[in-house]
Number of protein chains: 2
Amino acid sequence: RKRVLITGGAGFVGSHLVDRLMMEGHEVIVVDNFFTGRKRNVEHWIGHENFELIHHDIVNPLFIEVDQIYNLASPASPPHYMHNPVKTIKTNTVGTINMLGLAKRVGARVLIASTSEVYGDPEVHPQTESYWGHVNPIGPRACYDESKRVSETLAYSYGKQENVAVRVARILTRTVLVCIATMAGWCPTSSSRHSPAKTLLSVIGIMAPKRPGTPTGASEKKRKNNIYGSGKQTRSFQYVSDLVDGLIKLQNNNYSLPVNLGNPDEHTIEEFASIIHTMVGGKSHIIHKDAMEDDPQRRKPDITRANNILGWQPLVPLQQGIKKTVEYFRRELMRSK
Amino acid sequence: RKRVLITGGAGFVGSHLVDRLMMEGHEVIVVDNFFTGRKRNVEHWIGHENFELIHHDIVNPLFIEVDQIYNLASPASPPHYMHNPVKTIKTNTVGTINMLGLAKRVGARVLIASTSEVYGDPEVHPQTESYWGHVNPIGPRACYDESKRVSETLAYSYGKQENVAVRVARILTRTVLVCIATMAGWCPTSSSRHSPAKTLLSVIGIMAPKRPGTPTGASEKKRKNNIYGSGKQTRSFQYVSDLVDGLIKLQNNNYSLPVNLGNPDEHTIEEFASIIHTMVGGKSHIIHKDAMEDDPQRRKPDITRANNILGWQPLVPLQQGIKKTVEYFRRELMRSK
Ligand SMILES: NC(=O)c1ccc[n+]([C@@H]2O[C@H](COP(=O)([O-])OP(=O)(O)OC[C@H]3O[C@@H](n4cnc5c(N)ncnc54)[C@H](O)[C@@H]3O)[C@@H](O)[C@H]2O)c1
Ligand SMILES: NC(=O)c1ccc[n+]([C@@H]2O[C@H](COP(=O)([O-])OP(=O)(O)OC[C@H]3O[C@@H](n4cnc5c(N)ncnc54)[C@H](O)[C@@H]3O)[C@@H](O)[C@H]2O)c1
Ligand SMILES: O=c1ccn([C@@H]2O[C@H](COP(=O)(O)OP(=O)(O)O)[C@@H](O)[C@H]2O)c(=O)[nH]1
Ligand SMILES: O=c1ccn([C@@H]2O[C@H](COP(=O)(O)OP(=O)(O)O)[C@@H](O)[C@H]2O)c(=O)[nH]1
Ligand SMILES: O=c1ccn([C@@H]2O[C@H](COP(=O)(O)OP(=O)(O)O)[C@@H](O)[C@H]2O)c(=O)[nH]1
Ligand SMILES: O=c1ccn([C@@H]2O[C@H](COP(=O)(O)OP(=O)(O)O)[C@@H](O)[C@H]2O)c(=O)[nH]1
């Protein structure tokens with residue numbers, strides 16, 4: 001039984017990780033500033049003797065005693081990380097320094113939640129972990145991409161210099177649940193405070209019309225489904241349970257170089273929109289808009305390393321992930337009526 | 001007349017910039033932690049009513065009132081920045097954040113000393129400012145390359161979000177004077193505290209043998225001239241007076257995107273060693289060693305932008321720069337006998 005700190009534990013991935021680790025009987029401490037996360041995501045654990053929720057911003061030092069750290073705190077989608085670029089960078093630089101400093105002091109092991117964005121708009125497919133990436137250091141996504149890159153550099157610098165045990169997960173953008181959740185404009189286990197209009201899920205605003213009063217992102221205007229650029233750009237999606245498996249396996253393995261955690265199953269945004277469309281039903285007006293600046297055109301992770309080292313691969317296929325999620329939202333929507 | 005803060009002002013580039021700005025009649029405040037810089041480099045100004053030297057580390061907040069900031073504080077050569085990678089990253093992230101926070105508070109303009117290292121081991125020649133670079137985020141140079149990249153990202157984030165006026169100079173590695181200075185293992189206007197063995201200038205240990213007691217870098221062992229790899233890798237060198245011109249022109253211009261400041265005149269390390277060899281005389285044993293990890297193979301800046309926007313180009317040719325420097329060192333060596 002371990003004392004585990006999860007920064008960003010009130011967010012989408014973090015809260016699922018909390019569930020798993022609590023079920024396994026660990027002591028779990030969540031640190032979150034609630035920028036995109038919500039207390040609701042972990043409320044079912046509040047009061048449990050193994051659980052603690054600390055309202056804290058990792059840009060400030062934190063003094064607690066733990067065995068393991070999952071450093072997930074960071075805005076994660078373009079509208080969120082572009083909302084306050086300076087804060088995004090502070091979180092991934094100063095915040096990461098604080099968590100590595102904490103780990104150094106208490107001898108904890110740290111897993112850094114990095115991202116496939118470190119590959120930028122890749123010129124090599126699929127992307128293995130040894131690919132150096134193709135990132136615009138001063139483009140609109142740079143506040144996220146560059147600060148995540150340097151968070152990896154920091155991890156290995158503390159690793160080499162201070163003997164901190166570090167793990168780096170390069171998580172492949174983005175998980176199915178986030179997508180559909182955001183699409184619905186409201187989602188219990190994901191960030192929902194800011195307008196999701198610009199995220200993938202606004203591609204499909206189909207569920208929203210069925211609901212009466214939706215707090216964000218489901219106004220008549222948002223219901224239009226914009227595809228930025230040709231729609232031929234690809235992404236890969238994994239279901240959140242697969243990702244949580246991978247994170248736990250990586251944290252508890254001895255391997256310290258970066259490991260891609262994602263689904264190599266590549267789909268175009270157009271395909272993706274149409275899969276969900278078919279599944280969810282309803283009418284959507286797809287509108288083609290100008291491509292977003294520096295929008296990566298392809299994403300296809302090579303997960304050989306995760307497979308060899310961790311014996312990991314995604315198990316939930318895309319269609320099933322979407323189906324589960326849609327059902328989940330149907331239930332949530334019923335409940336909220 | 002302006003109040004100008006120069007962080008890293010006791011270093012090589014900084015101290016030459018101090019000289020120029022003091023001569024122009026400005027108030028100059030130097031902030032330095034003396035990691036590689038030396039008080040000696042600016043001692044001729046100590047006591048002058050327009051000059052102030054503050055012993056301070058930019059990783060900590062600084063509260064002063066100024067009109068312009070040249071943020072040069074950072075270890076600058078591989079042996080220095082690899083000496084303490086964590087500190088290198090802190091300086092370029094937390095330190096840069098502090099200087100941008102200061103600029104935001106007092107409404108000052110900031111010039112960030114970036115580097116051609118943001119291009120990494122470039123796959124495109126020559127490198128224009130729009131090239132995204134080819135950098136290994138977890139390699140041995142990453143603590144410098146990646147933290148300099150994110151310092152640019154920070155600059156533009158504060159620029160856009162907080163209206164801080166920012167300038168970014170991508171300085172082309174490395175100036176002739178640094179080189180020869182380091183080669184001599186001792187140098188008045190450059191960093192000399194740490195072993196220069198691994199820097200370019202150890203390629204030519206020729207001057208050292210003439211001196212009796214040399215503090216660092218000139219032991220019998222160091223006098224051997226190692227060329228790492230084939231010696232066919234190229235670099236470009238500019239004389240420090242040209243660089244100082246460029247920095248001042250950029251700071252006072254309205255252009256805020258990154259500007260390369262360097263000499264497009266490309267030489268292989270071998271050629272460079274032989275030019276200096278011929279000029280300085282003496283015997284040197286060139287020994288070929290294994291290539292250094294991630295050693296950039298070519299460097300050739302495109303300076304069209306600096307030329308068009310600032311009307312700038314390097315004026316001092318390589319041979320003359322080396323000659324000036326050699327003379328300078330001959331004098332210094334005589335004096336110290
Ligand atoms: N979901 C994905 O597809 C994906 C892909 C690649 C990487 N990641 C990374 O995984 C991590 C989790 O992502 P997510 O999808 O769960 O996002 P999320 O927005 O749902 O969760 C992030 C959490 O971090 C918190 N947070 C943000 N800044 C903070 C700060 N300064 N101090 C404390 N807490 C802070 C937020 O409030 C939120 O609860 C992030 O680091 C993200 O970059 C996610
Ligand atoms: N000289 C070059 O060829 C070259 C090339 C590219 C970029 N640059 C950049 O130009 C700047 C100056 O380089 P230089 O050649 O004069 O190097 P230098 O080492 O001579 O000077 C750097 C100065 O910064 C000081 N410093 C370092 N960390 C500090 C900290 N945390 N707080 C306060 N002061 C600190 C050092 O003591 C030193 O005086 C650096 O930012 C460097 O990265 C230089
Ligand atoms: O238990 C701890 C130990 C350190 N830190 C922070 O981590 C940072 C980096 O730690 P490190 O040991 O590298 O820095 P140092 O304290 O040596 O400056 C410090 O600035 C602290 O603010 C923290 O938040 N909790
Ligand atoms: O309403 C939208 C939102 C996103 N996209 C595209 O969908 C892809 C995924 O976007 P997301 O914001 O989820 O994040 P990313 O994967 O780029 O980090 C990108 O190519 C976007 O341009 C789109 O076409 N319409
Ligand atoms: O005159 C100043 C103003 C700010 N800062 C530092 O600059 C950082 C970034 O400033 P910003 O305004 O972005 O941060 P905030 O104070 O809003 O957290 C702060 O952490 C301060 O430590 C400083 O050193 N001098
Ligand atoms: O004793 C030395 C020192 C450097 N170099 C090479 O000279 C070039 C310039 O090295 P420097 O350390 O000056 O810095 P860089 O330009 O790589 O930042 C690199 O290709 C080094 O491998 C060399 O061959 N022998």
Side-chain angles (χ1 to χ4, degrees), chain A residues 59 81-90 92-98 100-101 104 112 114 118-121 123 129-162 164 166 168 170 256-258 294, chain B residues 59 81-90 92-98 100-101 104 112 114 118-121 123 129-162 164 166 168 170 256-258 294:
Chain A
V59 168
Y81 63 67
M82 292 178 190
H83 171 70
N84 183 342
V86 166
K87 185 57 193 273
T88 300
I89 305 177
K90 284 177 177 168
N92 284 315
T93 58
V94 182
T96 301
I97 289 172
N98 284 335
L100 289 162
K104 169 184 151 190
I112 302 288
S114 185
V118 301
Y119 304 127
D121 188 1
E123 293 171 318
E129 290 85 351
S130 60
Y131 177 55
W132 288 4
H134 181 228
V135 173
N136 180 353
I138 60 171
R141 306 171 82 100
C143 60
Y144 186 68
D145 302 6
E146 293 291 347
S147 69
K148 284 285 186 182
R149 284 173 71 95
V150 88
S151 77
E152 293 194 4
T153 317
L154 275 163
Y156 292 112
S157 299
Y158 273 89
K160 205 166 164 188
Q161 189 175 328
E162 310 287 358
V164 176
V166 293
V168 172
R170 290 188 179 152
S256 84
L257 288 176
D294 295 344
Chain B
V59 168
Y81 64 67
M82 291 178 191
H83 172 71
N84 184 341
V86 167
K87 185 57 194 271
T88 299
I89 305 176
K90 284 178 177 168
N92 284 315
T93 57
V94 182
T96 302
I97 289 171
N98 284 335
L100 289 163
K104 169 184 150 190
I112 302 288
S114 185
V118 300
Y119 303 126
D121 188 359
E123 294 171 315
E129 290 86 351
S130 60
Y131 178 56
W132 288 4
H134 181 226
V135 173
N136 180 353
I138 60 171
R141 307 171 81 102
C143 60
Y144 186 67
D145 301 6
E146 292 291 348
S147 69
K148 284 286 186 182
R149 285 173 70 96
V150 88
S151 77
E152 294 193 4
T153 317
L154 275 164
Y156 292 112
S157 299
Y158 273 89
K160 205 165 164 189
Q161 191 175 326
E162 310 288 357
V164 176
V166 292
V168 171
R170 290 187 179 154
S256 84
L257 289 176
D294 295 345

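Labels below follow one simple rule: chain letters A, B, ... track the order of the sequence lines, proteins then strands, and each chain is numbered from 1. All of these numbers come straight from a predicted model, not from anything done at the bench.
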Point to revise | Residue pair M82(A) / R141(A), side-chain heavy-atom distance below 4.5 Å | key: yes

**Study point:** Among the listed options A142(B), S130(B), G120(B), the residue most often paired with chain A at heavy-atom distances under 4.5 Å
**Key:** A142(B)

Review point. Is there a donor-acceptor pair under 3.5 Å between the side chain of H134(B) and the backbone N or O of D121(B)?
Key: yes

Revision key, fill the gap. From the list V168(B), V118(B), L257(B), T93(B), the residue making the most non-hydrogen contacts under 4.5 Å with chain A is T93(B)

**Study point:** Sidechain N-carboxylate O distance under 4.0 Å for E152(A), R170(A)
**Key:** yes

Review point. Going by heavy atoms in the side chains, are V135(B) and Y119(B) under 4.5 Å from each other?
Key: no

Review point. Side chain, backbone, both or neither: which part of L100(A) has an atom under 4.5 Å from a heavy atom of chain B?
Key: neither

Point to revise | Among the listed options R149(B), K160(B), E162(B), the residue most often paired with chain A at heavy-atom distances under 4.5 Å | key: R149(B)

Review point. Sequence neighbours excluded, which residues qualify as salt bridge (Lys or Arg N to Asp or Glu O under 4.0 Å) partners of K90(A)?
Key: none

Exercise for review: Heavy-atom distances under 4.5 Å only: say whether I89(A) touches chain B with side chain, backbone, both or neither.
Suggested key: side chain

Check your understanding: Which region of D145(A), side chain (C-beta onward) or backbone (N, CA, C, O), has a non-hydrogen atom less than 4.5 Å from a non-hydrogen atom of chain B, or is it both or neither?
Key -> neither

**Study point:** Interface moiety of I97(B) toward chain A, non-hydrogen atoms closer than 4.5 Å
**Key:** side chain

Check your understanding: Do T88(B) side-chain atoms and Y81(B) backbone N/O form a donor-acceptor pair below 3.5 Å?
Key -> yes

**Study point:** Which atoms of Y156(A) approach chain B - backbone, side chain, both or neither, heavy atom under 4.5 Å
**Key:** side chain

